[in-house]
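Heads up, the thing below is written out as structure tokens.
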Amino acid sequence: MENVVATNIFDDLKSQIFDRNKWNGKVFSVYGYEAGAGKSRKAQQYLAETEDRALYVQRFSKDGELDATAERINSLAGKEIAVAFTGEDTKKKRARKRAIEARTLCITHKMYSNICRGDHQDLIADRKILVIDEYPDLLEQISVTNKEIGQLWIEIFQYGFTETDDLASLLRDMASKYSNDSEVLKNREMVFVSFQSDKYDKYKEVIEQLLKKVGQTRRNEQKELLFKFQQILNNGAYYYEGGFHTFDSTPKFTMLDCNIILDANAEFDYRYALSTKFNVIKQPKIFDYSQAEFYHYDLNTSKKALKNYINLTERALEQINWKDSSGVLFITEQGQKEQVEKGIETYFNDTLEGMQETLGIPIVTDYFGNLIGKNNYRRFNTVVVQKTPNFDYGTYALTNFFYKYHENLPIATISIFQDEDIEKVRLSTIAGEIYQAIRRIARNNTNPVDAKIYVINSNQEVIDMVLEQMPGIQYHKCQIDVNKVGKGAGAKEKKPSLTDKRIEEVKTILANLKQSGKSDITKKEVRIQIGIKSSANFTKLFDDLKPFLQINQISIKGQKFIFN
């Protein structure tokens with residue numbers, strides 16, 4: 001029987017929306033209700049009940065998600081008060097008019113980012129309440145490499161400012177210096193370059209003049225190029241990987257009278273600690289995880305490491321308890337999705353569709369970046385995370401840079417994996433992605449939560465952060481052995497051993513016989529077919545065959561394989 005989460009856990013959120021004495025136009029009240037608790041729908045209910053004009057922001061509009069949000073608010077209100085508005089609607093006068101007039105306007109994070117840039121200000125006029133679902137990321141990376149420096153020389157000289165040539169020479173000399181500095185290379189440094197000295201003012205002034213001049217000619221490519229240099233000069237930049245890297249400092253958090261963020265990761269996502277604009281309001285854990293099991297396999301699953309594993313998916317499949325599974329979700333990276341699916345088919349010696357039919361449960365693969373907010377897997381009870389969701393290290397560094405810049409805090413040269421703040425950003429972001437992925441399953445508001453969680457990851461600190469979000473869960477630390485690609489240049493994949501080949505042969509024989517309708521076969525017949533003389537040696541294969549036999553409902557009785 002499905003239990004509903006108690007509504008009184010949202011009293012803080014309700015009070016924040018309805019009690020104007022709690023409103024603060026300068027700070028976001030960040031609510032870290034657990035994933036799966038229903039915080040988004042509850043917020044939508046309160047927006048349906050209030051008479052105040054509001055802006056509701058969610059990640060995506062794809063697959064009709066934004067329209068569904070507006071329809072849900074309207075259904076709760078009993079009349080049309082909410083309108084969904086996307087980038088496609090911005091040039092439609094009628095759609096914009098409806099959006100402006102709507103009591104509650106539903107938009108995406110991307111549209112909110114544009115509003116933070118100063119665009120679409122008519123959409124927020126006279127609105128009082130802002131609710132953002134998930135962390136609002138305003139970071140937009142800007143890079144100047146040798147390519148852009150060359151373009152500054154070649155494309156901008158026609159305007160007759162010698163300062164642009166001087167700036168190009170200056171940046172190229174800096175790049176050469178840092179690229180060949182032995183200390184920088186040895187310490188794996190991201191060198192912070194500041195342009196706050198008065199000697200750089202002439203370049204800033206010229207770039208500003210050129211932006212105005214080019215803006216009048218509608219030469220967008222040149223405008224974008226000059227804007228990059230303007231941001232490098234105004235903000236400063238990290239030099240690493242052959243370029244100067246900074247961010248677009250134009251967006252500033254747009255805030256109304258009452259500002260709310262809903263984010264299940266809020267209490268451990270270190271990004272919220274980097275700004276005074278965020279006030280994280282802790283919430284009690286509401287789910288009972290005592291009946292859920294968390295199997296942690298200590299193995300590196302970075303993008304680089306995954307390329308060296310031959311049979312990770314097959315090994316992961318051996319760990320799963322199929323008997324009580326209501327659905328299995330495999331999570332990897334987008335580029336590995338097809339490989340994981342092939343691994344499943346190889347292991348079962350069947351197509352994915354065929355295995356789902358045999359087992360009577362869904363087996364699905366999905367990837368990081370395509371998960372947050374998804375409810376497709378809510379009835380599944382098994383998840384396998386076999387990828388560490390790392391972003392480029394520069395993204396973590398620039399996130400820290402972004403907030404320190406806006407908080408007027410000092411920024412300095414750093415060594416990769418050595419800066420305390422950036423490491424907290426990195427590890428908490430990875431933990432957040434894994435936690436969100438895990439909580440895609442068993443989301444029927446069932447308490448206690450019954451789930452089997454298999455996470456393959458070598459960072460205990462990340463795992464501990466995830467475990468803290470699921471108090472009482474049964475934690476098992478395990479080892480998993482996988483075959484790796486041979487070492488050395490031009491090395492080929494490790495060939496399967498004779499034992500591995502014989503196991504696959506047994507699987508093929510048994511699967512074909514079961515499909516043909518036969519009721520049983522003797523062990524001896526199978527043993528002879530695969531060329532094993534000793535019955536003792538044949539018996540040694542049975543441990544590896546157990547998952548296959550269990551899934552395909554094949555039992556061993558006496559000297560026979562029985563097809564149930």
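Quick caveat, the model's predicted, so the values are computed rather than measured.
When the shell of 6.0 Å around CG of Asp392 is examined, it contains more than 12 heavy atoms from other residues, nucleotides or ligands. By the neighbour-count criterion of 12 heavy atoms within 6.0 Å, atom NZ of Lys282 is sparsely surrounded, having that number or fewer from other residues, nucleotides or ligands. When the shell of 6.0 Å around CD of Glu461 is examined, it contains 12 or fewer heavy atoms from other residues, nucleotides or ligands. The environment of Glu338 atom CD is sparse: at most 12 non-hydrogen atoms of other residues, nucleotides or ligands sit within 6.0 angstrom. Heavy-atom neighbours of Lys14 NZ from other residues, nucleotides or ligands within 6.0 Å: at or below the threshold of 12.
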Worked check of side chain to side chain contact (heavy atoms under 4.5 Å, CB included) between Phe268 and Tyr435: CA-CA 11 Å; Phe268 64 96; Tyr435 170 64; 4.2 Å; yes
Intermediate values then yes/no, side chain to side chain contact (heavy atoms under 4.5 Å, CB included), Glu314 and Thr346: CA-CA 8 Å; Glu314 292 89 332; Thr346 299; 4.2 Å; yes
Evaluation steps, side chain to side chain contact (heavy atoms under 4.5 Å, CB included), between Ile530 and Phe538: CA-CA 10 Å; Ile530 65 171; Phe538 183 55; 3.8 Å; yes
From CA spacing to verdict: side-chain hydrogen bond (donor to acceptor under 3.5 Å, both in side chains), Tyr270, Thr429: CA-CA 8 Å; Tyr270 193 68; Thr429 304; over 6 Å; no
Residues Phe417, Tyr393; criterion ring pair (Phe, Tyr, Trp, His ring centres under 6.0 Å); working and verdict: CA-CA 9 Å; Phe417 301 120; Tyr393 192 83; 4.9 Å; yes
Chi angles and distances behind the side chain to side chain contact (heavy atoms under 4.5 Å, CB included) call for Val57, Val131: CA-CA 6 Å; Val57 185; Val131 178; over 6 Å; no
side-chain hydrogen bond (donor to acceptor under 3.5 Å, both in side chains) assessment of Tyr295 paired with Glu293: CA-CA 6 Å; Tyr295 297 92; Glu293 296 192 79; 2.9 Å; yes
Test side-chain hydrogen bond (donor to acceptor under 3.5 Å, both in side chains) applied to Ser458 and Asp298, step by step: CA-CA 5 Å; Ser458 59; Asp298 191 359; 5.0 Å; no
side-chain hydrogen bond (donor to acceptor under 3.5 Å, both in side chains) between Thr86 and Ser61, intermediate numbers included: CA-CA 7 Å; Thr86 68; Ser61 62; 5.6 Å; no
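Residues Tyr297 and Arg315 have side chains not in contact (no heavy-atom distance under 4.5 Å, counting atoms from C-beta outward). Side-chain contact between Met470 and Ile453 is present, with at least one heavy-atom pair separated by less than 4.5 Å. Residues Asn370 and Gln334 fail the side-chain proximity criterion, which asks for heavy atoms closer than 4.5 Å. A 4.5 Å side-chain heavy-atom check between Val384 and Ile320 finds at least one atom pair inside the cut-off. Proximity of Leu513 to Phe563: side-chain heavy atoms (C-beta onward) are separated by under 4.5 Å at one or more points.
A salt bridge is absent between Arg502 and Glu505; no separation between the charged side-chain nitrogens and carboxylate oxygens falls under 4.0 Å. By the 4.0 Å N-to-carboxylate-O rule, Lys404 lies close enough to Asp421 to be salt-bridged with it. For the pair Lys342 and Glu345, the salt-bridge criterion is not met [side-chain N within less than 4.0 Å of a carboxylate O].
Here the CD atom belonging to Gln460 is positioned 6.5 Å from the CD1 atom belonging to Ile463, to the nearest 0.5 angstrom. Rounded to the nearest 0.5 Å, atoms CG (Leu76) and CD (Glu71) are 12.0 Å apart. Once rounded to the nearest 0.5 Å, the distance linking CD1 of Ile434 with CD1 of Ile331 reads 9.5 Å. The distance from atom CG of Asn381 to atom CG of Asp324, rounded to the nearest 0.5 Å, is 8.0 Å. Atom-to-atom distance recorded for Asp520:CG and Ile554:CD1 is 11.5 Å, nearest 0.5 angstrom. Separation of atoms CD1 (Ile456) and OG1 (Thr313) is listed at 8.0 Å; rounding is to 0.5 Å.
Under a cutoff of 6.0 Å and an axis angle of 45°, Arg271 and Tyr135 form a cation-pi pair. The cationic group of Arg439 lies under 6.0 Å from the six-membered ring centre of Phe287 and within 45° of the ring axis, placing it in a cation-pi geometry.
For the 3.5 Å distance criterion, the side chains of Gln45 and Arg41 fail to qualify, holding no donor opposite an acceptor. A donor-acceptor contact closer than 3.5 angstrom is absent between the side chains of Glu504 and Asn349. In the model, Asp288 has a side-chain atom that pairs as donor or acceptor with a side-chain atom of Ser290 under 3.5 Å.
For the side-chain hydrogen bond (donor to acceptor under 3.5 Å, both in side chains) criterion with Lys285, the lone passing option out of Glu34, Gln469, Glu468 is Gln469.
Checked by atom type and distance alone, the side chain of Ser415 pairs as donor or acceptor with a backbone atom of Asn187 at under 3.5 Å.
When all heavy atoms of Ala82 and Cys106 are compared, the closest pair comes out as CB-SG, 4.4 Å. Considering every non-hydrogen atom in both Gln283 and Ile9, the closest pair reads OE1-O, 4.1 Å. For the pair Phe330 and Ala316, the tightest heavy-atom approach, listed with the atom from each and the gap, is CE2-CB, 4.4 Å. Of all non-hydrogen atoms in Val449 and Ala442, the two that sit nearest each other are CG1-CB, 3.9 Å. Nearest approach of Ala431 to Val466, heavy atoms of both residues: O-CG2, 3.6 Å.
You'll find the ring centres of Tyr272 and Phe28 outside the 6.0 Å limit. For Trp322 and Tyr347, the ring centers sit 6.0 Å or farther from each other. Separation of the Tyr240 and His245 ring centroids falls under the 6.0 Å cut-off.
Under the 30°/60° scheme for interplanar angles, the aromatic rings of Tyr33 and Tyr31 are found to lie parallel.
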